[in-house]
Amino acid sequence: MCQFCKPPQLEATKGCTECKSSFCNECFKLCHPWGTQKAQHEPTPPTLTFRPKGLMCPEHKEEVTHYCKTCQRLVCQLCRIRRAHASHKVTPVLSAYQALREKLTKSLAYILSSQDTVQLQIAELEEMVKHTEVNGSQAKEEVSQLIRGLCTVLEEKQAALLQAIQESQQERLASLHHQVQEHRAMLENSGMVGYTQEVLKETDHPCFVQAAKQLHSRYRSVRGPQGVSGCGACSLMPVSLPAAPEAPVIDTQRTYAYDQIFLCWRLPQHSPPAWHFTVEYRKSDTKAKALKLWQRCEEVRGTSALVEYLDMDSVYVLRVKGCNKAGFGEYSEDIYLHTPPAPVLNFFLDNRWGFNRERLAISKDQRAVRSMPGLPMLFAAERLMTSCHLSIDLLIGDVAITQGRSYWACCVDPSSYLVKVGVGLESKLQEWFQVPQDVVSPRYDPDSGHDSGAEDATVDAPPPYAFLTIGMGKILLSHGSALTSRDPSGCTIPLPPRIGICLDYKRSKVTFYDAVSFRGLWECGVDCSGPVCPAFCFIGGGALQLQELVASKQERKVTIGGLSKLD
């Protein structure tokens, strides 16, 4: 109803937001006369609740028209031109409205579209909470059971030890009581001592013999003074208890580090025996913040164990302890062993192709070879001044490598005159089998002074051979290609106990290692366009043995000489 009509009131037809009232037509004209400021008020439909047309600035009572991004507040036209907002980023309300509306729309759409995913994640989290509670309860129960079991074992051990002490004590007390009775019997026969003294005063021989014979029989039934010293020694002996075995001594001379570690040990000379041993090992990673947990091979019978499934090119720490009736003994000293950088290649020396049987002798197990120059070598040395060349004897492995990475190791006799170990293309090695080579011709020398192939090879193409030169207990590292050499003109280093060779067929690289410390000695390229074989060269006397493998022999496919044979 109109709020300005006199009774009776008429129904309102217009409203004014500025006046916050509803009017009929006549009352609206009377309250908004022409030519006044109220005439500028815009009529609205009649209503009982009036809301301002726009938000008003609380300071200037003006409608806000802009948004200050710096202050993050709405401002009116007067606020905008004031010094307080002179350097601020001010944008029209419409721009702020559109930007915020777009953001809210996207956020709402994302929330609505992610409700199913969120519900699924909530369900998964609730399920994980349940599993965590169940696992926590099970862990608590398992710990309690283990503690109870440990207490039971300790009680049984305590009962066994107390029983052993009781039995030893009773045996010792029985022995001591018996000796006490014997010595008391000696005191009881003190009258016989006086009688003996009177008999000894007898000078008549027949009378003395008759009396002394019976007296001596009585003395034989009584224990002599030796029982006193025996009693004293017996009383000082302690009650013996079972002792745990001492710390084992690991025999590092028989321990070799491959992808499987064969560990040997022994107990000290005066150590109590052990029923079984426990071998513990873990990976030694200096970069890791936390130490790796020990892994165990429990109840190992004997004094050796095989540790399998190890990571390549890693350092492992190993230790051993023994156990007997008294429990576990002390740990042995920790030893550190290095695994190879690649899987170990299992091969044998080929005894069918190319090698000179007069100068090279291969062992029955095809794991060792010895060069015996003999008289032919002496005759060749005698004729050396007349341009007679010494021969190179070549021997290769019976397995060809066509992919991946492979590692093997060998021991070279330090007294060898000249031995070369390395790899070569199978096709080039077959040419060597057909044509005997000499020392002088550099065209056929496997390393020709730089240990990396033939001299006539191109600069870009990798050489078909790669050999490490060993002689008189030294290794020749030349042309600055050594990983350990800083001298650009090359150097020699002492021969390590074992030489390791690692071939990366994909990268066409071969690397030589000190197989004990796995320190890199030398690396070079080699042609891997075809099958590559392990190769060994001998000049003069020398000996070489392949490293024994821990694992049993597996099936090997032989590809030398174009034939294929499965052993």
Side-chain angles (χ1 to χ4, degrees), residues 342 345 347-356 360 362 366 369 371 391-410 412 418-439 441-458 460-471 475-476 478-479 481 499-513 521-539 542 544 546 556-563:
L345 180 68
F347 70 94
F348 295 86
L349 299 174
D350 197 309
N351 59 358
R352 300 171 301 163
W353 300 94
F355 76 100
N356 193 317
L360 295 183
I362 301 178
Q366 298 177 246
V369 59
S371 175
S391 298
I392 297 178
D393 295 317
L394 177 68
L395 188 65
I396 64 175
D398 61 352
V399 173
I401 303 170
T402 57
Q403 62 180 356
R405 301 173 69 232
S406 301
Y407 174 88
W408 61 94
C410 62
V412 179
L418 185 60
V419 178
K420 295 176 179 288
V421 297
V423 295
L425 272 177
E426 182 182 16
S427 58
K428 294 294 182 180
L429 294 176
Q430 290 179 6
E431 294 180 7
W432 273 54
F433 290 151
Q434 302 299 328
V435 181
Q437 311 306 329
D438 57 80
V439 176
S441 175
R443 181 177 182 85
Y444 298 104
D445 193 347
D447 60 350
S448 300
H450 56 70
D451 294 57
S452 59
E455 289 284 356
D456 56 356
T458 61
D460 297 331
Y465 313 110
F467 286 90
L468 191 68
T469 303
I470 303 169
I475 297 179
L476 174 63
S478 58
H479 288 278
S481 56
I499 297 292
I501 303 99
C502 180
L503 175 64
D504 192 332
Y505 192 88
K506 184 178 180 180
R507 295 176 57 233
S508 299
K509 292 285 185 181
V510 60
T511 307
F512 296 88
Y513 292 92
L521 301 176
W522 178 58
E523 181 181 276
C524 69
V526 66
D527 187 1
C528 292
S529 58
V532 178
C533 298
F536 310 92
C537 297
F538 292 88
I539 300 176
L544 178 145
L546 298 180
R556 300 175 294 107
K557 189 174 182 180
V558 180
T559 60
I560 298 298
L563 299 176

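Residue numbers count from 1 along this sequence. Values reported hereafter were calculated over all heavy atoms of this structure, with side chains retained and with hydrogens, waters and symmetry mates removed. What you see is a predicted model; the values in this text were computed from it and never measured.
In this structure, the side-chain contact (heavy atoms from CB on, under 4.5 Å) partners of S529, at least two apart in sequence or on a different chain, are L425, D527. Listed by chain and number, the residues in a side-chain contact (heavy atoms from CB on, under 4.5 Å) with L418 are T469, I539 (sequence neighbours excluded).
For D350 (side chain) and I396 (main-chain N/O), no donor-acceptor pair under 3.5 Å exists by modelled atom type. Side chain of Y505 to backbone of C528: a donor-acceptor contact under 3.5 angstrom is found.
Proximity of I475 to W522: side-chain heavy atoms (C-beta onward) are nowhere separated by under 4.5 Å. Residues V423 and I401 form no side-chain contact, since every pair of their non-hydrogen atoms from C-beta on lies 4.5 Å or further apart. Looking only at side-chain heavy atoms (C-beta outward), I501 and P534 stay at 4.5 Å or farther from each other. Side-chain contact between T511 and D504: absent, with no pair of heavy atoms (C-beta onward) separated by less than 4.5 Å. Side-chain contact between V526 and L503 is present, with heavy atoms from C-beta onward closer than 4.5 Å.
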Yes or no on side chain to side chain contact (heavy atoms under 4.5 Å, CB included) for L546 and F348, after CA distance, side-chain angles and deciding distance?
CA-CA 8 Å; L546 298 180; F348 295 86; 5.7 Å; no
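The distance from the OG atom of S371 to the CG atom of L360 is 5.5 Å, given to the nearest 0.5 Å. Going from atom CD1 of I362 over to atom CG of L395 covers 4.5 Å, rounded to the nearest 0.5 Å. Atom-to-atom distance recorded for F512:CZ and I470:CD1 is 8.5 Å, nearest 0.5 angstrom. The NZ atom of K420 sits 8.0 Å away from atom CG of L476, with the distance rounded to the nearest 0.5 Å. Between the SG atom in C524 and the OH atom in Y465 there is a gap of 14.0 Å [rounded to 0.5 Å].
Using cut-offs of 30° and 60° for the angle between ring planes, the F347 and W408 rings count as perpendicular.
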